[in-house]
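For reference, the structure discussed in these notes is given below.
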Amino acid sequence: MTTLDLFGGPAEGDRDWMGPQAVILRGRALSCVDELLDALDAVVAQAPFRRMVTPGGLTIAVASTNCGALGWTSDRRGYRYGGLDPAAGRPWPAMPACFARLARQAAADAGFPDFEPDACLINQYLPGTRLSLHQDKNERDFSAPIVSVSLGMTAIFLFGGLERGDRAFKASLYHGDVAVWGGDDRLRYHGVMALADAPHERLGSQRINLTFRKAG
Ligand code: MD3
Ligand code: FE
């Protein structure tokens, strides 16, 4: 259980286990958040957020960009990882050193000492945006964990089981939280509930999520 602070949320340093190999490290990004946000601005200036299209032709509610050697994209031809930003025809921006360091250290804290991400998907949620339950299966190697960093407005995360119909439970993800999902928990269904508009003091009416993966 979480130690409640004066605001009723978790305290920096708490670890909330979502599964045997899935943990939320509360506030783990806060000590480097200024550096992260500056680096994020530089990435987004090179590769702006855009809403991608699914193979079925629907526009995805979440706006995305990437940094690192590989970026996740979706279009009419499918979901995949690739080295080029299709909007620009050039490589994705390099992964900022502070991004890679945080992802590596958080993975090690959670029991995955050798995580070397080659992809960072950056998702932007505006009020009302949701992400329906899905599995992450576009990566080559499911043995590497996924590390995700939440910034800005609070989201209610849905964490299901290995089958779509399994009951999902809810967990709030706050600015500065870092989650690590590995092992059997890596393939669990997950999603994000529609974002409520409670502007964040630093990021305003948005939530940004950095998702680090070993994709290639
Ligand atoms: C649990 N993103 O990009 S991050 C995604 O907040 C995605 O933007 C969400 O799901 C977001 O695919 C959730 C947390 C996350 C990422 C991958 C997982 C949780 C996961 C894979 C397996 C289990
Ligand atoms: Fe996902």
Side-chain angles (χ1 to χ4, degrees), residues 16-26 28-29 36 40 44 49-52 54 60-68 70-74 78-81 92 99 102-103 106-107 110-112 115 117-164 166-196 200 203 206-215:
D16 289 336
W17 291 89
M18 314 282 291
Q21 294 172 97
V23 64
I24 303 172
L25 307 171
R26 299 296 186 181
R28 184 66 178 76
L36 292 179
L40 176 67
V44 171
F49 286 115
R50 79 291 305 267
R51 290 175 66 192
M52 298 181 191
T54 66
I60 298 174
V62 178
S64 304
T65 187
N66 293 275
C67 61
L70 294 172
W72 182 87
T73 58
S74 178
Y79 305 119
R80 67 192 160 277
Y81 284 93
W92 296 104
F99 281 30
L102 175 62
F112 298 93
F115 183 49
D118 56 16
C120 174
L121 172 64
I122 306 171
N123 285 331
Q124 181 193 47
Y125 296 73
L126 299 176
T129 305
R130 64 190 283 271
L131 183 65
S132 51
L133 278 183
H134 66 279
Q135 291 174 295
D136 289 14
K137 296 212 289 194
N138 298 130
E139 299 74 26
R140 194 185 296 273
D141 175 7
F142 298 152
S143 72
I146 293 176
V147 173
S148 96
V149 179
S150 290
L151 298 167
M153 294 202 295
T154 302
I156 302 176
F157 180 73
L158 289 168
F159 201 40
L162 292 174
E163 312 223 34
R164 184 178 289 282
D166 292 348
R167 180 180 304 279
F169 67 89
K170 294 178 182 160
S172 291
L173 291 175
Y174 300 95
H175 178 70
D177 287 351
V178 180
V180 182
W181 327 83
D184 296 336
D185 292 324
R186 165 78 178 66
L187 286 173
R188 285 170 66 171
Y189 277 87
H190 58 278
V192 179
M193 305 248 300
L195 202 71
H200 184 265
L203 282 154
Q206 61 176 334
R207 169 177 186 256
I208 291 176
N209 185 81
L210 314 177
T211 307
F212 295 91
R213 300 184 172 88
K214 180 164 171 43

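All ligand and atom numbering here is 1-based and tracks the order in the structure. All heavy atoms count here, side chains included; hydrogens, waters and symmetry mates do not. Given the structure is predicted, the values throughout are model-derived calculations rather than measurements.
Between F99 and F212, the ring planes are perpendicular. Angles over 60° get that label, and only those under 30° would be called parallel. Using cut-offs of 30° and 60° on the angle between ring planes, the pair W181 and F159 is tilted.
With atom 9 (C) of ligand 1 as the reference point, the heavy atom nearest to it among F159, F157, Y125 is part of Y125.
Counting only heavy atoms from C-beta outward, the side chains of E139 and R186 approach each other to under 4.5 Å. For the pair L195/Q206, no side-chain contact is recorded, criterion being any heavy-atom separation below 4.5 Å from C-beta on.
Which parts of ligand 1 touch L121 is read off a 4.0 Å heavy-atom cut-off, strictly below it: atoms 3 (O). Each of the following atoms of ligand 1 lies closer than 4.0 Å to a heavy atom of R188: 22 (C), 23 (C). For ligand 1, the atoms lying closer than 4.0 Å to a non-hydrogen atom of I146 are 16 (C), 17 (C), 21 (C). When each atom of ligand 1 is checked for a heavy atom of S148 under 4.0 Å away, the hits are 4 (S), 14 (C). Every atom of ligand 1 with a heavy atom of R213 under 4.0 Å away is listed here by number and element: 3 (O), 5 (C), 12 (O). Atoms of ligand 1 found under 4.0 Å from any heavy atom of L131, numbered from 1 in the order shown, are 2 (N), 7 (C), 9 (C), 10 (O).
Any N or O atom pair closer than 3.5 Å counts here, and N123 shares at least one such pair with ligand 1. Considering backbone and side-chain N/O of H134, one or more are found under 3.5 Å from N/O of ligand 1. Between N209 and ligand 1, at least one pair of N/O atoms sits closer than 3.5 Å. The distance criterion of under 3.5 Å between nitrogen or oxygen atoms is not met by R186 with respect to ligand 1.
Distances from ligand 1 to the non-hydrogen atoms of Q135 include no value under 4.0 Å. No heavy atom of Y189 sits closer than 4.0 Å to any atom of ligand 1. In this structure, W72 falls outside the shell of residues with a heavy atom less than 4.0 angstrom from ligand 1.
Ion pairing between a basic and an acidic side chain is recognised when a charged N comes within 4.0 Å of a carboxylate O; R26 and D16 show such pairing.
Remark: I146 CD1 to D136 CG distance equals 4.5 Å, nearest 0.5 Å.
Taking a cut-off of 2.8 Å, the protein N, O or S atoms nearer than that to the Fe ion (ligand 2) are H134 NE2, D136 OD1, H190 NE2.
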